[in-house]
Amino acid sequence: MTESSPEITPDSDEMLDFTVDTDYAEERLDHVLMHYFPELSRSRLQSWIKNGQVMLNQQVILKPKQKVLGGELLQVVPTMQDQGEWKAVELEFEVHYEDDDLLIVNKQAGLVVHPAPGHYQDTLVNGLLFRYPSLRKLPRAGIVHRLDKDTTGLLVVAKTPEAHNHLVAQLQRREFDREYIALVHHTIVAGDTIDLPIGRHQQMRKKMAVITEGSSPAREAITHFRIEDKYKNFTLLRVKLETGRTHQIRVHLSHLNHSIVGDPLYCVRNLKPRGMSEEFATVFDNFRRQALHAAKLGLQQPSTGEWLDWEVELPDDFSCLLKAIKEHEST
């Protein structure tokens with residue numbers, strides 16, 4: 001019987017997808033991984049399996065000796081260092097709130113959350129381990145959910161195993177209150193709900209996409225949004241997540257042809273408004289990340305059961321962009 005946990009789903013920019021070759025039928029899963037990662041040791045690959053980083057047909061497999069059938073979808077989150085080997089590095093990041101059970105971090109743009117290929121010692125995990133060494137005992141240094149590298153705002157970090165289990169359970173039950181501010185291209189008339197499944201893009205591995213029924217594996221994704229402010233060429237949205245898929249807001253809004261301003265992955269590059277002043281063009285061109293900010297976070301405190309919520313202002317670069325838009329449209 002397959003030992004798996006469909007509730008655990010590792011979302012990561014670095015998740016890699018494969019179709020298991022039929023020639024590997026009846027091989028152990030750890031042996032199959034050695035075909036795809038020949039430069040790595042078997043013990044390393046087994047640790048990925050035991051850490052919940054390997055999925056077959058979207059189910060996490062926890063036993064290295066699990067046999068494959070051939071033809072399955074194999075998904076791997078290839079962290080190249082085990083958690084115990086992650087280095088503690090002194091990094092700047094803002095702790096917005098802290099108690100005995102959890103931290104609320106106000107993440108800055110450009111900060112990667114988890115170590116991954118290309119980012120081994122400059123991530124939030126490295127900084128957390130330096131400031132809070134006890135977090136080394138927790139999965140992913142206590143980080144319960146993630147934000148993309150250039151998305152700013154609030155995320156929660158557990159400080160104890162009990163708090164981590166409690167917070168993960170809340171997240172899986174969709175009890176977190178998560179609201180984002182997003183600036184998108186073009187004018188949106190009214191708020192709405194986007195209920196469209198998301199999966200890995202079939203041609204571009206780093207991208208996610210809305211998946212039509214039956215074309216490839218996908219997971220339920222639900223995004224609610226309402227109008228925060230309207231401009232001639234843009235709309236400022238307040239977005240609420242019901243599910244938390246990789247790049248969910250970016251993918252859903254791009255699918256509606258309202259891609260997020262500055263998004264390097266999902267935004268068409270020729271969406272500049274006409275008649276831009278030199279000053280506005282400079283601000284617009286210098287904003288080189290997605291205009292997406294995790295503004296609000298609410299959850300139940302693990303020990304007391306009290307409902308806590310936090311809200312943070314837009315970062316300076318986002319505020320300056322909005323100011324430039326308003327000034328441009330007032331002339």
Side-chain angles (χ1 to χ4, degrees), residues 7-11 93-109 111 113-114 124 128 138-140 142-148 150-160 162-184 188 190-198 219-229 235-253 260 290-315 318-319:
E7 296 298 322
I8 306 171
T9 49
D11 286 338
F93 63 92
E94 177 190 340
V95 175
H96 183 71
Y97 170 86
E98 180 177 359
D99 61 29
D100 291 341
D101 290 316
L102 57 86
L103 307 166
I104 301 297
V105 174
N106 184 16
K107 191 184 85 66
Q108 67 267 33
L111 180 61
V113 174
H114 295 115
L124 178 59
L128 285 168
L138 300 180
R140 299 193 179 193
I143 294 174
V144 176
H145 63 112
R146 59 181 297 281
L147 296 176
D148 296 329
D150 287 324
T151 297
T152 56
L154 299 173
L155 60 81
V156 61
V157 180
K159 293 175 67 177
T160 69
E162 296 78 12
H164 185 268
N165 292 338
H166 195 287
L167 292 168
V168 168
Q170 286 187 60
L171 185 64
Q172 291 174 345
R173 295 193 300 265
R174 303 182 183 181
E175 294 174 352
F176 277 22
D177 183 16
R178 292 178 289 171
E179 290 191 6
Y180 294 71
I181 299 295
L183 180 68
V184 301
I188 298 179
D192 202 351
T193 293
I194 309 169
D195 186 353
L196 294 169
I198 289 176
R219 299 169 64 198
E220 180 188 34
I222 302 173
T223 304
H224 309 281
F225 67 87
R226 66 179 189 269
I227 308 299
E228 188 81 358
D229 207 350
T235 306
L236 191 66
L237 301 176
R238 186 168 284 269
V239 183
K240 188 168 184 177
L241 285 179
E242 186 168 327
T243 56
R245 309 307 176 207
T246 301
H247 299 175
Q248 178 173 320
I249 296 174
R250 300 163 66 186
V251 171
H252 270 169
L253 292 174
I260 296 177
Q290 63 266 15
L292 184 62
H293 175 64
K296 184 178 179 181
L297 176 63
L299 51 83
Q300 186 183 64
Q301 210 285 341
S303 293
T304 67
E306 178 186 3
W307 181 260
L308 301 176
D309 55 53
W310 305 269
E311 192 160 4
V312 289
E313 298 295 327
L314 291 173
F318 202 151
S319 296

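Position 1 is the first residue of the sequence, and the numbers go up from there.
Closest approach of V312 and A294 over heavy atoms only: CG2-O, 4.0 Å. Summarising the geometry of G305 relative to Q300, their closest heavy-atom pair is O-CG, 3.2 Å, with the distance given to 0.1 Å. Nearest heavy atom pair, residue L147 against residue L154, reads CD1-O, 3.9 Å. The two atoms that bring A163 and A158 nearest to each other are C-CB, 4.0 Å, heavy atoms only.
Remark: Q108 engages no residue in a side-chain hydrogen bond (donor to acceptor under 3.5 Å, both in side chains) (not counting sequence neighbours). With sequence neighbours left out, R226 forms a side-chain hydrogen bond (donor to acceptor under 3.5 Å, both in side chains) with no residue at all. In this structure K159 satisfies the side-chain hydrogen bond (donor to acceptor under 3.5 Å, both in side chains) test together with E98, sequence neighbours excluded.
At a threshold of 4.5 Å between non-hydrogen side-chain atoms, the residues V105 and H96 do not count as touching. Residues R146 and V144 form no side-chain contact, since every pair of their non-hydrogen atoms from C-beta on lies 4.5 Å or further apart. A 4.5 Å side-chain heavy-atom check between R238 and I181 finds at least one atom pair inside the cut-off. Using a 4.5 Å heavy-atom cutoff, the side chains of L292 and F318 are not in contact. When side chains are defined from C-beta on, I227 counts as touching I188, because their heavy atoms get closer than 4.5 Å. Here the side chains of I104 and L102 are in contact, with some heavy-atom distance below 4.5 Å. Between T223 and K240, every side-chain heavy-atom pair lies at or beyond the 4.5 Å cut-off. No side-chain heavy atom of D309 sits less than 4.5 Å from a side-chain heavy atom of L297.
Not one N or O on the side chain of R250 forms a donor-acceptor pair closer than 3.5 Å with the backbone of I260. Side-chain atoms of H252 come within 3.5 Å of backbone N or O of L196 as a donor-acceptor pair. In this structure, K107 contributes its side chain and L124 its backbone to no donor-acceptor pair below 3.5 Å. Looking at Q301, its side chain never comes within 3.5 Å of a backbone N or O of L308 through a donor-acceptor pair. Here the side chain of T235 pairs no donor or acceptor atom with the backbone of V184 at under 3.5 angstrom. Between the side chain of H145 and the main chain of V156, a donor-acceptor pair closer than 3.5 Å is present. The main-chain N or O of E306 is found under 3.5 Å from a side-chain atom of T304 such that the two form a donor-acceptor pair.
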*Give the intermediate values and the outcome of side-chain hydrogen bond (donor to acceptor under 3.5 Å, both in side chains) for residues T243 and Q248.*
CA-CA 8 Å; T243 56; Q248 178 173 320; 2.8 Å; yes

*Applying side chain to side chain contact (heavy atoms under 4.5 Å, CB included), run through H247 and D148 and close with a yes or a no.*
CA-CA 8 Å; H247 299 175; D148 296 329; 3.4 Å; yes

*Can K296 and E311 be said to form a salt bridge (charged side-chain N to carboxylate O under 4.0 Å, His left out), step by step?*
CA-CA 4 Å; K296 184 178 179 181; E311 192 160 4; 5.2 Å; no

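Note that the CD atom of E242 and the CD1 atom of I194 stand 12.5 Å from one another [nearest 0.5 Å]. Atoms CZ and CG, on F93 and L111 in that order, are 8.5 Å from each other to the nearest 0.5 Å. For the atom pair CG (L155) and OG1 (T152), the distance works out to 11.0 Å, reported to the nearest 0.5 Å. The CD atom of E175 lies 11.0 Å from the CG atom of L167; values are rounded to the nearest 0.5 Å. With values rounded to the nearest 0.5 angstrom, E179 atom CD is found 12.0 Å from L237 atom CG.
Ring orientation note: the planes of W310 and Y97 are tilted relative to one another, at an angle of 30° to 60°.
Using modelled atom types, one finds a donor on one side chain and an acceptor on the other under 3.5 Å when comparing Q290 with T151. For the residue pair H166 / Q170, a side-chain donor-acceptor distance below 3.5 Å is found, with atom types taken as modelled.
Checking D195, D192, T193 one by one against H224, the side-chain hydrogen bond (donor to acceptor under 3.5 Å, both in side chains) holds for a single residue, T193. Of the residues listed (D101, D99, T160), the one engaging S303 in a side-chain hydrogen bond (donor to acceptor under 3.5 Å, both in side chains) is D101, and it is the only one.
Heavy-atom contacts from other residues, nucleotides or ligands closer than 6.0 Å to CD of E220 number more than 12.
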